[in-house]
Amino acid sequence: MDDVIVAFAGTEDLKNDAEYVFIHAFAESLSEHGVNVVVHPSNTMGKESDRFDQTSQGLIAVNIGNGGALMKASKWASTLFLPFLTSDEASFDRMVAESKGLDRINEEASRLGLRVAGFAMRGGSLGLFNTEKPVSTIDDVADMRLRAQNGDQVTFMSAWGAKPTVVSWAETPNALQTGVAVGHYNPPSTVVAAGQVELLNYFTPMNAGPVPKVIMLSDDWYSMLSDEERTWVDDAVAHGVAVNRAWAVEQAPYFEQVIVDGGIEITPLEEGERAKFVEASRAVWDQIVPAEDAAFIAKFAD
Amino acid sequence: MQSIATFLTYLSTGIDRVLRLVALVGLVLMVGFIALQVVARYGFAAPPAWTEEAARYAMVWVGLLGAAISFKTGFDPRLVKLPVTLPRPVLALAALLRGSAVVVFLGPILFYCFYGPGMNPARSFLARNLHTTAETFDMPTIFVAITVPIFIIAIFIHGLAHCANALVPTQAPAKTPAKTPAERETNAPDHA
Amino acid sequence: MPFIPFLFLLATLLSGSAIAYFVGGATIVGFFTQDQARYLAALPQRAMSQLDVFAFLAMPLFILTGELMNRGGVTEALIRFSLSMLGRFKGGMAHVNILTSVFFAGISGSATADAAALGNTLVPEMERQGYSRDYAAAITAASSIIGPIIPPSIILIFYGALLNTSVVALFAAGVVPGLLLAAVLMVVNAILAHRHGHPGGKGSEIPPFWGSLFQALPALSLPVIILSGILFGFMTPAEAAGVASLAALAVGMFYGRLTLKDVHEALNRTVILSGAVFIILVAVATFGYLTSVEQLPRKLAEMIGEIGLDATGYMIVLNIIFLLAGMIMDVKAAVALLGPLLIPPAIALGVDPVHMGILVGFNLTVGLLTPPLGGVLLILSTVVDIGYWRLVRATLPFLVVELILLGVLIYVPAISLTLPRYLGLIN
Ligand code: NA
Ligand code: NA
């Protein structure tokens with residue numbers, strides 16, 4: 001079997017990079033069958049849209065992409081990324097399995113020669129970071145200028161009563177410095193990886209869901225494999241995902257410790273406040289995805 | 001030959017006019033989207049999410065069409081400017097080499113706009129962009145992707161028109177749009 | 001050894017091909033000779049996505065701002081204001097030249113734009129006052145490179161986007177080195193003015209300070225909008241560039257100088273300049289892709305690791321490479337081509353990426369003043385109508401001083417890093 005070309009955005013850091021934890025275990029598993037894996041880290045094969053496109057053409061065999069890139073090819077994929085759908089990795093995996101979510105995504109993604117094999121978890125659950133004040137109730141975010149990643153985030157942040165503003169991730173540190181935005185919606189692991197610990201002052205854990213990175217395989221590449229080789233790859237993906245999950249669970253407290261040590265105060269939500277965020281967010285699910293999809297996935301939500 | 005040269009010049013000039021107009025509109029839109037983004041952030045309750053992405057797409061239009069306009073104007077910076085006093089065969093060889101650089105660089109890119117893996121047009125760059133949509137608004141990215149073949153085809157036509165005119169030296173070339181002195185600058189002669 | 005692509009590069013370069021096309025063409029040949037031709041299929045996407053970068057938005061918008069400023073009388077108002085302050089000193093008009101470049105720097109991000117604009121307006125004025133054309137052109141060239149050091153700066157925007165470094169921190173880091181450069185040039189000018197008896201300002205037409213300040217107020221509002229907007233305020237660099245272009249339009253109309261035709265020409269020229277820049281970017285990205293497919297950055301990093309250079313040693317090597325690159329290459333092409341390849345190893349060795357950005361910017365802009373291909377020299381010798389090599393000789397004393405200053409900047413990172421640290425932009 002030829003060398004397997006793998007590309008991703010992060011660095012080859014087994015301690016902090018969730019995607020590389022998956023890739024490393026994936027490569028280890030394949031090496032048992034004498035298969036060599038060539039890793040292109042740090043966007044050297046191009047940014048999200050480029051790696052996505054090259055995977056679609058079979059130039060990259062395995063790409064770890066973000067949810068946004070996947071949604072460009074599969075509208076249905078947005079459904080799995082709705083806010084407050086699940087609270088942790090285990091319930092996300094259960095929801096994907098029970099809803100047969102991957103099949104629906106692959107139905108759409110196969111038009112572009114892609115096959116989503118699963119997800120690599122970033123570690124930890126989504127919450128709200130800000131520079132301004134401790135947030136422990138939904139009223140605290142009223143009129144807060146939050147950085148939104150995209151229109152979907154604008155929709156649910158508005159539903160919380162905040163004032164979202166779209167800022168690209170590259171500009172977010174500047175936006176936090178200058179007050180263009182005072183906070184954003186992410187897990188601690190992302191803030192640590194982006195080196196933003198010193199820029200932020202407060203973190204409110206919301207258990208709004210894990211952060212899945214998308215494991216995309218090239219259809220061209222996968223379908224050219226022999227049956228035996230395909231089993232190796234499937235096993236390697238399964239092994240990589242398992243190692244990633246164990247790492248994510250183990251690392252979540254570590255990332256929280258890093259942000260606390262870096263001077264970020266953790267301010268938990270008061271009794272009953274998470275329910276208000278859940279309610280406000282769920283009320284706009286059908287503005288983010290088609291109403292029937294929202295109703296469908298709600299059956300598998302926590 | 002004569003009529004081909006006239007036709008190509010006419011075509012090249014016309015394309016240049018259209019591209020200039022579109023690029024100009026793109027630039028104005030870019031400024032507009034960015035200004036709207038600033039105004040909306042401080043003025044509106046829920047600022048539109050699409051301004052940044054729209055401005056970026058307008059920039060792709062401006063940048064790639066601008067490349068074709070810059071080519072036509074002969075503005076692209078170069079390192080060597082050959083003296084016109086060189087023997088004719090040397091100059092002809094140089095022109096051939098300049099043309100080959102353009103074709104070798106842009107030819108494969110143009111080819112893969114229309115063909116995908118396994119020479120399949122259904123999986124070409126353009127076809128793939130029929131199936132992907134912008135992130136913040138509902139528009140297939142084909143409306144951005146289409147600039148890639150457009151700017152390359154425009155450059156090829158400009159180059160061909162220039163070659164054809166070089167082969168018909170007696171006839172004065174058809175009117176080209178008046179250039180401002182600033183545009184003429186140091187790199188006035190064409191590439192191909 | 002990639003002999004054939006290199007041969008193609010050399011042949012097309014010598015034939016007078018534009019930079020974008022011989023770099024791009026030779027790279028495509030390289031894909032074939034390195035047996036990586038299948039990756040050519042990714043190129044249409046890369047051509048599009050290479051331009052689809054938020055941080056790049058600032059570039060065409062700052063170019064537009066400069067175009068509107070020149071046509072709308074903003075540049076002229078800045079010159080008059082500088083003259084009112086410095087016209088009375090010996091060598092005063094040369095001081096004005098430097099100071100105008102400082103103001104210009106706060107608005108424009110490009111040395112060649114500064115050189116073209118001031119070469120057009122200030123050099124004839126200096127000659128009229130009795131300066132030699134050589135000296136007038138030389139001081140214009142030497143001070144034009146303040147432009148990309150003091151923010152905004154197209155080079156630093158580029159660096160920030162390509163190397164994932166905060167553009168705001170880079171901008172803050174450029175302020176002190178840029179002002180220092182201006183101060184050093186003024187000292188050199190004062191010495192030369194006294195030694196060679198340059199014209200002083202006694203009795204010559206010095207515009208009244210308050211009058212010209214009043215006249216320049218709208219023009220001065222432009223750098224204030226941009227700098228405060230980005231550094232302390234409420235806008236990203238791209239947004240500040242967009243607002244600045246609208247402000248330049250408004251100020252130009254306030255001065256009553258900007259016609260619809262001017263605006264049309266400014267837009268037109270911005271499109272052409274952006275196009276020329278972006279096609280170079282596409283070519284360079286194509287080359288960058290080949291180096292990635294071939295895993296060159298990794299190999300280079302491993303090689304440097306094997307040589308075992310320490311941070312200082314690597315920095316010296318790196319600075320020499322960038323200085324050489326600035327001499328022969330387009331500045332933006334040099335950053336795009338060499339930055340992602342050479343800078344990550346330096347950062348791994350503990351060099352601050354923001355400090356590195358200032359050094360790279362300074363290096364490359366000094367390269368604009370060195371033959372054979374110094375961009376500022378090429379443009380000025382055309383605009384001012386002076387022999388290329390004569391201009392090179394006249395600029396030499398300033399060049400030497402600037403190289404010494406570069407050495408100081410390398411060894412004293414605090415000059416660059418204190419302001420961004422104070423503003424809390426870096427640790
Ligand atoms: Na500047
Ligand atoms: Na100057």
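Chain letters run A, B, ... following the sequence lines, proteins first, then strands; residues in each count from 1.
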So which of C:R46, C:Q45, C:H264 has the largest heavy-atom pair count under 4.5 angstrom toward chain B? C:Q45
Among the listed options C:L61, C:L57, C:L273, C:L43, the residue most often paired with chain B at heavy-atom distances under 4.5 Å: C:L57
Rounding to 0.5 Å, atoms CD (B:E53) and OG1 (B:T136) come to a distance of 3.5 Å
Could you look at C:L64 and say if it's the side chain, the backbone, both or neither that has a heavy atom under 4.5 Å from chain B? side chain
For a side chain to side chain contact (heavy atoms under 4.5 Å, CB included) check, start with the C-alpha distance between B:Y115 and B:N120, then their side-chain angles and the critical distance, and finish with the verdict. CA-CA 5 Å; B:Y115 291 95; B:N120 183 356; over 6 Å; no
Side chain, backbone, both or neither: which part of B:S124 has an atom under 4.5 Å from a heavy atom of chain C? neither
Where does B:L64 contact chain C at under 4.5 Å (heavy atoms): side chain, backbone, both or neither? both
Who wins among C:A20, C:A41, C:G25, C:P60 for the most heavy-atom pairs under 4.5 Å with chain B? C:A41
Heavy-atom contact with chain B under 4.5 Å, split by part of C:L13: both
How are the rings of B:F105 and C:Y21 set to each other: parallel, tilted or perpendicular (split at 30° and 60°)? perpendicular
As a test of understanding, state which of B:H162, B:H158, B:R17 forms a side chain to side chain donor-acceptor pair (under 3.5 Å) with B:S12. B:H158
Would you mind checking which part of B:V148 comes under 4.5 Å of any heavy atom in chain C, side chain (CB onward), backbone (N, CA, C, O), both or neither? side chain
Side chain, backbone, both or neither of B:L19 within contact of chain C (heavy atoms, under 4.5 Å): neither
Taking B:R56 first and then B:E52, would you say they form a salt bridge - that is, a charged N and a carboxylate O separated by under 4.0 Å? yes
Taking every non-hydrogen atom, the tightest pair across C:I386 and C:L380: CG2-O, 4.4 Å
I'd like to know which of C:I279, C:V53, C:V271 tops the heavy-atom pair count under 4.5 Å against chain B. C:V271
Contact origin within C:F8 toward chain B - heavy atom pairs under 4.5 Å: side chain
Leading residue by heavy atom contact count with chain B [cutoff under 4.5 Å; candidates C:A47, C:S245, C:S274, C:A283]: C:A283
Bottom line for B:L96: the part with an atom under 4.5 Å from chain C's heavy atoms is neither
Does a donor on one side chain sit under 3.5 Å from an acceptor on the other, for B:T9 and B:N165? yes
Indicate whether any N or O donor in one side chain lies under 3.5 Å from an N or O acceptor in the other, for C:E67 and C:T270. no
Go through the atoms of B:L82 and report whether side chain, backbone, both or neither lie under 4.5 Å from a heavy atom of chain C. side chain
Testing the 3.5 Å rule here: is there a donor-acceptor pair between the side chains of C:T286 and C:T27? no
